[in-house]
Asks: 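Take a look at the following structure, please.
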Amino acid sequence: MRGLTRSAVVRAYAPIGAVGVIAALLPLRYGDSRTMMGVIIGGALFAAYVIGFNVIFGSTGQLFLCVGALAGLGGYTSALLADRRGLPLLLAMLAGCLAAAVVGGVLSLVAVSRSLGVIFTGIVTLAFSLAFHNLLLGRRDLTRGETGLVVRAGSDTLLDERVAPYYVFVGLVVAYLCIHRALQRSRIGWAFRALRDDEVAAELAGIDVKRCRVAAGTLGSAMVGLAGALYAHSEGFISPSTYAFGRVDVRVLVMLALGGIGSLLGPVIGAAALTVLDEWLVSSNEYRLVIYGVVILALFLGMPRGVAPTLQSLRERRFRWRQTRQAPNAPNGGTTSAASGSPAPTPSTTSTRTPAR
Amino acid sequence: MKAVVFDGVVLGLQFGLLGVGLTVVYGLGGVLNLAHGQLAVLGAMVAALRLDAGASVGVAVLTGLAAAGAIGLLLDRTLLRPVYRRRGEPRVLLGLLLMLGVAFVIDGVLGWRYPIEALRVRIAGAPIDVLGVGMRRGSLLASAIALGVGAVLVAFLRFTTAGKAVRSVIEDEVGAQLCGINPATVRALVLGLSAVLAALVAVTRSMTAPVTVDAGIDLTILALIVAVVGGLGSVSGAFAAGVLLGIVNTVSAHYIGSYVTTIVLLGAAALTIVARPSGLLGRGQE
């Protein structure tokens with residue numbers, strides 16, 4: 001069942017390779033322009049954020065509204081350790097990543113052990129997010145508040161060039177995608193899918209639901225933290241608004257909704273789509289927020305049966321040709337279509353989450 | 001110190017009124033209205049525009065309240081219909097995300113069309129002495145309105161048939177339906193009412209300081225904190241939490257600093273969820 005043959009592995013990772021190749025070719029077209037490179041680096045950064053968020057929210061349904069704060073935790077930890085304490089760059093970034101992982105893990109642990117539903121998890125993480133923002137603003141001695149912090153570490157490495165940092169980010173995104181894919185194909189991935197489809201049934205089947213959730217929360221937060229740290233060093237300047245809720249979480253949500261919650265490539269597609277959209281709207285900064293809102297409304301309303309089931313059935317239709325050949329390890333629709341045999345557009349009841357107890 | 005606490009009570013009564021709307025809407029249908037503050041600002045901006053156009057304060061404020069209420073009603077009858085067709089966790093999630101979208105749209109439209117608009121309602125007159133503290137007339141009027149409306153609201157919920165219908169839907173949606181109550185009508189009216197209350201808070205706040213176009217997010221977050229500390233779904237809890245947090249807010253802002261104050265308020269909300277999810281006055285039902 002686990003598809004251990006070589007061709008199955010190749011097929012599972014081929015989409016990631018395709019993403020990597022396409023992303024790697026972009027500088028050929030835009031490499032001359034510093035602004036455009038900045039834009040696509042931003043796109044790659046957000047793709048990394050969204051993959052992390054997808055691991056947390058898409059895999060285990062924990063609504064973490066603190067992606068920006070976790071990224072900021074990574075960014076500020078890394079920048080301060082490298083610049084003030086003189087830690088080597090890689091070590092500092094690792095520390096930033098670790099800090100985010102610990103905080104994300106603790107948040108997840110709290111949410112799980114108090115069995116907070118989606119709404120309370122959302123509020124707690126939102127509260128953390130806003131508190132962190134205020135902490136950044138308030139601790140002026142450390143963060144220089146709204147003026148922002150110039151990050152010197154990393155400026156003498158390849159991160160300072162025009163195109164090279166982009167490849168670092170592409171590498172990061174590809175690595176994250178591989179991690180997510182490996183996760184999906186592992187026992188944990190099956191557990192994630194089982195607990196997302198039916199928590200009680202998963203628990204009864206012997207899956208440690210709590211541990212799965214905390215693991216996803218920790219891993220996803222680590223991903224977000226590392227991306228935030230890397231951005232701090234490649235950009236050379238961070239301020240509280242770099243990681244503000246309105247700047248990061250809002251876009252991450254829209255991107256994931258655009259790309260498809262829980263899917264492997266959804267985050268990349270969503271990030272690319274919104275980055276392009278943003279570039280079109282660059283002259284219309286004033287009503288960008290309106291468009292974000294309309295996108296959210298349209299996406300979630302246009303799927304009357306619920307976001308996850310609709311995406312699933314859509315994906316089933318789109319990937320039907322692929323699934324006929326590799327049903328066991330198809331992206332995410334695999335479970336339902338493999339079980340029901342025919343990928344009928346009506347979602348099977350297993351894909352809706354159990355109501356709150 | 002006494003003056004600071006009094007200011008806190010004034011602020012807290014308004015916090016309470018702000019939180020009540022959010023809490024009742026959530027209790028009724030499981031929709032966490034993340035556009036609560038934005039609806040308040042919408043009402044305030046309509047009032048401000050009427051004022052600019054030369055309307056009297058009373059007319060302008062009433063128009064603003066009506067506009068907020070109408071939008072709330074409209075949202076419930078259109079956008080939220082698919083939400084209510086669901087139950088349990090999917091309903092909560094969809095409701096939350098849709099209202100977040102609405103918040104962006106309202107914020108975006110207002111910020112784009114009227115970037116510098118602000119509502120100021122000036123209450124003239126010398127400060128009035130209350131227990132040895134000179135209170136501004138604006139603050140006193142704001143408190144009086146909050147208290148009065150709060151009392152009417154509690155009386156409405158407790159003693160009228162319509163209020164009992166609202167409470168029964170909060171208690172048990174299916175049971176209420178079996179008793180011949182239409183939850184959809186109740187929800188629509190309550191969302192409209194909560195938007196009116198939110199706009200009213202924006203108006204009373206503008207009696208002491210201008211309410212600007214971008215105040216929506218802050219108001220939403222305040223309402224969220226108050227509603228959470230009071231216990232989502234609990235009306236009396238929201239008022240108690242509002243007054244408590246209002247005092248905490250002014251005392252902490254006066255003696256420590258504004259950044260820390262925000263963190264304290266957010267921490268209070270997070271702590272309540274973790275330690276006592278049903279809120280201050282919660283009955284421990286889950």
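Each chain gets a letter, A, B and so on, in the order its sequence line appears, and its residues count up from 1.
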Asks: Whether B:Arg187 engages the ring of B:Tyr84 as a cation-pi pair (distance to the six-membered ring centre under 6.0 angstrom, angle to the ring normal within 45°) should be assessed.
Replies: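 Relative to the ring axis of B:Tyr84, which defines the angle, B:Arg187 lies inside both limits.
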Asks: Hey, which of A:Val110, A:Ile119, A:Ile296 has the most heavy atom pairs under 4.5 Å with chain B?
Replies: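 When all of A:Val110, A:Ile119, A:Ile296 are compared, A:Ile119 has the most.
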Asks: With chain B, which of A:Val250, A:Val294, A:Val254, A:Val295 has the greatest number of heavy-atom pairs at distances under 4.5 Å?
Replies: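 Of the options given, most contacts go to A:Val250.
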Asks: Where on B:Ile225 is there a heavy atom nearer than 4.5 Å to chain A: the side chain, the backbone, both, or neither?
Replies: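 B:Ile225 has no heavy atom closer than 4.5 Å to chain A.
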Asks: Do you know which of A:Leu126, A:Val124, A:Leu137 has the most heavy-atom pairs with chain B at a distance under 4.5 angstrom?
Replies: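 Looking at each option in turn, the highest pair count goes to A:Leu137.
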Asks: Measure the shortest side-chain to side-chain distance between B:Val24 and B:Ser194 over non-hydrogen atoms and say whether it is less than 4.5 angstrom.
Replies: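 The answer is no, as the side chains (C-beta and beyond) never meet within the 4.5 Å cut-off.
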Asks: B:Leu98 versus chain A, heavy atoms under 4.5 Å apart: side chain, backbone, both or neither?
Replies: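 Both backbone and side chain.
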Asks: Under 6.0 Å from the ring centre and within 45 degrees of the ring axis: does the NZ or CZ of A:Arg251 meet both conditions for the six-membered ring of A:Phe46?
Replies: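 Checked: cation-pi criterion met.
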Asks: What I want to check is whether the side chains of A:Asp249 and A:Tyr243 have a donor and an acceptor closer together than 3.5 Å.
Replies: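 Per modelled atom types, A:Asp249 and A:Tyr243 side chains form no pair under 3.5 Å.
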Asks: Do the side chains of A:Phe64 and A:Phe53 get nearer than 4.5 Å, heavy atoms only?
Replies: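 Counting from C-beta outward, A:Phe53 and A:Phe64 do come under 4.5 Å.
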Asks: May I ask you to name which of A:Leu130, A:Leu135, A:Leu63 has the most heavy-atom pairs under 4.5 Å with chain B?
Replies: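 Winner by heavy-atom pair count: A:Leu130.
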Asks: Look at the side chain of B:Thr250 and the backbone N and O of B:Ile247, then say whether any donor-acceptor pair between them is shorter than 3.5 Å.
Replies: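 It does hold such a pair.
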Asks: Can you tell me which portion of B:Val102 sits under 4.5 Å from chain A's heavy atoms? Options are side chain, backbone, both or neither.
Replies: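 The answer is both parts of B:Val102.
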Asks: Got B:Phe15 and B:Val243 here, is their nearest side-chain heavy-atom distance under 4.5 Å?
Replies: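 With C-beta onward as the side chain, the pair stays apart.
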Asks: Assess whether atom CZ of B:Arg167 is packed by more than 12 heavy atoms of other residues, nucleotides or ligands within 6.0 Å.
Replies: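 More than 12 within 6.0 Å, yes.
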Asks: If you count heavy-atom pairs under 4.5 Å with chain A, which of B:Leu100, B:Val274, B:Thr262, B:Leu224 comes out on top?
Replies: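 Heavy-atom pairs under 4.5 Å are most numerous for B:Val274.
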Asks: Under 4.5 Å from any heavy atom of chain A, what part of B:Leu96 do you find: side chain, backbone, both or neither?
Replies: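 Only the side chain of B:Leu96 comes within 4.5 Å of chain A.
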Asks: What residue, out of A:Leu297, A:Leu253, A:Ile123, has the most heavy-atom pairs lying under 4.5 Å from chain B?
Replies: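 Top count of heavy-atom pairs under 4.5 Å with chain B: A:Leu297.
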Asks: Please state whether the side chain, the backbone, both or neither of B:Ala275 comes within less than 4.5 Å of a heavy atom of chain A.
Replies: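 Answer is backbone: N, CA, C or O of B:Ala275 sit under 4.5 Å from chain A.
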